Amino acid sequence: MSHSTSAHDARKVPPAPFIEIHGSPRERGRQYGEQAQDRIRLGIAHYAAQLERSRLDWTDIRAIVQTYEPLIAGFEPTYIDEMHGIAEGAGVEYAAVFLLNARTEVLKMADRRRKGEKADIEPSDGCTGIVALPTATREGRLIHAHNWDWKAECAETSVILRVRREDGPDLLTYTEAGALVRHGFNSAGISISGNYLETDRDYRQVGIPLALLRRKALEQAQLAIAMRLIYCTPKSASNNLIVAHAEGIALDFECAPDETFQVQPSNGLIVHANHFQSPVALSKLRDTGIANMPDSLYRDVRVRQLVEPHYGDITRDHIKAALYDDFQDPWSVCRPPRLGLGTNLSATVATIIMEPALGLMEVAMLPALNREFTSYQLGMDEPAGRRAAAVPTA
């Protein structure tokens, strides 16, 4: 790992710790749980407090886990083994690890199951994502980047996870401790990031939790299979997923639980926040997320305005500068810790910059307060790896 520091740092924020795991799914889980034990337990404590505020309890959560398990077993049974391994390694309850991997789905479904007064569930994470295609960048390499907006305290529970696999591409992901994936890329050059979306179709069915869907996509060596998984897999809730490949392909998938819409790159860029862009989608469903995330309506516009003039010369620094944007602060692209429309202390928890052809991920924690990036390396398979030969590994 390496560090680069900006002169504009407001304060020192510790980087996310780096964790590497290998072996069978159960072994990987145990290694993960042992290495990230403190952060996993802290994350569980955060969500336990949210459960209490929402008038939900662990009995509700365990019942939802039992509902989801048969579906996950049919989708990818090794994920159940890996989550059990994480629980064993961290010394926590399996249902709590499951919650970390399906927090929005589990909390929302538990809320729907309750009788009587409706539970108060916090709106989920925002985000702003961008992909610059090789034709748009100075070095001719695809750049995939993301601002993750969620609870400010998640800066204390984040990790960088490198998974060495025996049956497919290795992967590198920024995620909450205990979760299998959030945003990341694999050694075959496939990258993925996700943004919260909300529609009137959400939580009418039990689908694959989004974290597990992203993990499955990143386990693929072929982009077509990764895209098929995103496009076709039934989900419980809406989500936006940007899928790209180091060789210069990127598509944005606006997913409702039962239908998927595409947004193509424009002027060499995909930029997406937390509202639907596809005219086809907007003609068929109701976007209900803007009420809680009205800043989404200009965050993507601002990032595009700041990056697009550099077409053909775009660098990681241009994208970092756009993701630091403080227009309409604190309702800005780069969000300082602030109260949302509920009780959640929200912030841009991390800025993640990925250049899959180099096997490179750069992460700045709480970037509104801290401009220090830490670099993490994966190592790439051929052909993308030929261009990464001069880059040292962590």
Side-chain angles (χ1 to χ4, degrees), residues 21 23-30 32-33 40 43-44 47-48 51 54 56-90 92-115 119 121 124 163 165 167-168 171 173 175-176 178-182 192 194 197 199 201-220 225-239 241 253 255-260:
I21 58 177
S24 70
R26 195 78 167 220
E27 290 168 344
R28 292 197 303 254
R30 290 194 187 106
Y32 187 4
I40 290 170
I44 292 169
Y47 292 117
L51 287 174
S54 303
L56 300 170
D57 58 35
W58 285 104
T59 301
D60 299 313
I61 301 308
R62 294 183 192 106
I64 293 296
V65 170
Q66 290 177 358
T67 299
Y68 271 99
E69 269 203 326
L71 191 65
I72 294 169
F75 179 69
E76 182 49 71
T78 62
Y79 296 161
I80 294 175
D81 285 342
E82 197 157 348
M83 287 188 286
H84 274 290
I86 294 168
E88 291 163 2
V92 299
E93 182 179 351
Y94 165 70
V97 173
F98 193 102
L99 175 62
L100 293 173
N101 281 278
R103 55 170 164 77
T104 305
E105 291 94 341
V106 170
L107 291 172
K108 293 280 190 179
M109 294 296 280
D111 180 25
R112 280 184 170 265
R113 282 186 164 213
R114 289 178 60 87
K115 297 179 180 179
I121 304 294
S124 194
V163 184
R165 299 177 62 235
D167 56 351
L171 60 95
T173 178
T175 189
E176 291 179 83
L180 298 185
V181 82
R182 179 156 289 279
I192 192 166
L197 291 175
T199 74
R201 300 185 188 181
D202 293 350
Y203 304 106
R204 296 178 180 177
Q205 65 182 33
V206 176
I208 299 300
L210 293 164
L212 305 187
L213 175 58
R214 295 173 190 172
R215 169 65 177 266
K216 185 80 167 178
L218 283 184
E219 290 181 345
Q220 305 309 310
I225 305 304
M227 287 184 167
R228 181 183 184 276
L229 283 162
I230 299 301
Y231 198 92
C232 298
T233 302
K235 307 159 188 73
S236 294
S238 301
N239 199 244
L241 294 163
F253 296 94
C255 304
D258 57 348
E259 192 170 8
T260 303

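Remember, it's a predicted structure, so these values are computed and weren't measured experimentally.
- R165 places a side-chain N or O within donor-acceptor distance of the main-chain N or O of E219, the cut-off being under 3.5 Å.
- In terms of heavy-atom proximity, A256 sits nearest to S238 at CA-OG, 3.6 Å.
- The structure places CG of L213 at 11.5 Å from CD1 of I72, a figure rounded to the nearest 0.5 Å.
- Between Y68 and F98, the ring planes lie tilted relative to each other; the angle falls in the 30° to 60° range.
- No donor-acceptor pair closer than 3.5 Å links the side chain of R30 to the backbone N or O of G89.
- In terms of heavy atoms, P257 sits closest to S236 at CG-O, 3.6 Å.
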E259 vs R201, test: side-chain contact (heavy atoms from CB on, under 4.5 Å). Steps then yes/no.
CA-CA 10 Å; E259 192 170 8; R201 300 185 188 181; 3.0 Å; yes
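- The shortest heavy-atom contact between Q220 and K216 is NE2-O, 2.8 Å.
- Annotation: the span from M227 atom CE to T260 atom OG1 amounts to 12.5 Å, rounded to 0.5 Å.
- Taking both residues in full, the closest heavy atoms of I192 and A217 are given as CD1-CB, 4.2 Å, listed atom of the first, atom of the second, then distance.
- Side-chain contact between R214 and N239 is present, with heavy atoms from C-beta onward closer than 4.5 Å.
- Once rounded to the nearest 0.5 Å, the distance linking OH of Y94 with CD of E88 reads 11.0 Å.
- Smallest separation of non-hydrogen atoms from C255 and L197: N-CD1, 4.4 Å.
- The main-chain N or O of L180 is never found under 3.5 Å from a side-chain atom of Y32 such that the two would form a donor-acceptor pair.
- The backbone N or O of R182 sits less than 3.5 Å from a side-chain atom of T173, completing a donor-acceptor pair.
- Between T199 and D202, the side chains place a donor N or O and an acceptor N or O closer than 3.5 Å (distance only, hydrogens not considered).
- Counting all heavy atoms, side chain and backbone alike, G178 lies closest to L100 at CA-CD1, 4.1 Å.
- Here I230 contributes atom CD1 and K235 contributes atom NZ; the two are 6.5 Å apart, rounded to the nearest 0.5 Å.
- Proximity of a side-chain donor or acceptor of D57 to a complementary backbone N or O of D60 within less than 3.5 Å is detected.
- When side chains are defined from C-beta on, R215 counts as touching L171, because their heavy atoms get closer than 4.5 Å.
- Using a 4.5 Å heavy-atom cutoff, the side chains of I80 and E69 are in contact.
- Remark: I64 CD1 to L99 CG distance equals 11.0 Å, nearest 0.5 Å.
- Atom CZ of residue R103 and atom CD1 of residue I44 lie 14.0 Å apart, to the nearest 0.5 angstrom.
- Using a 4.5 Å cut-off on side-chain heavy atoms (C-beta onward), W58 and V65 make no contact.
- Under a 3.5 Å cut-off, the side chain of E105 and the backbone N or O of L210 do form a donor-acceptor pair.
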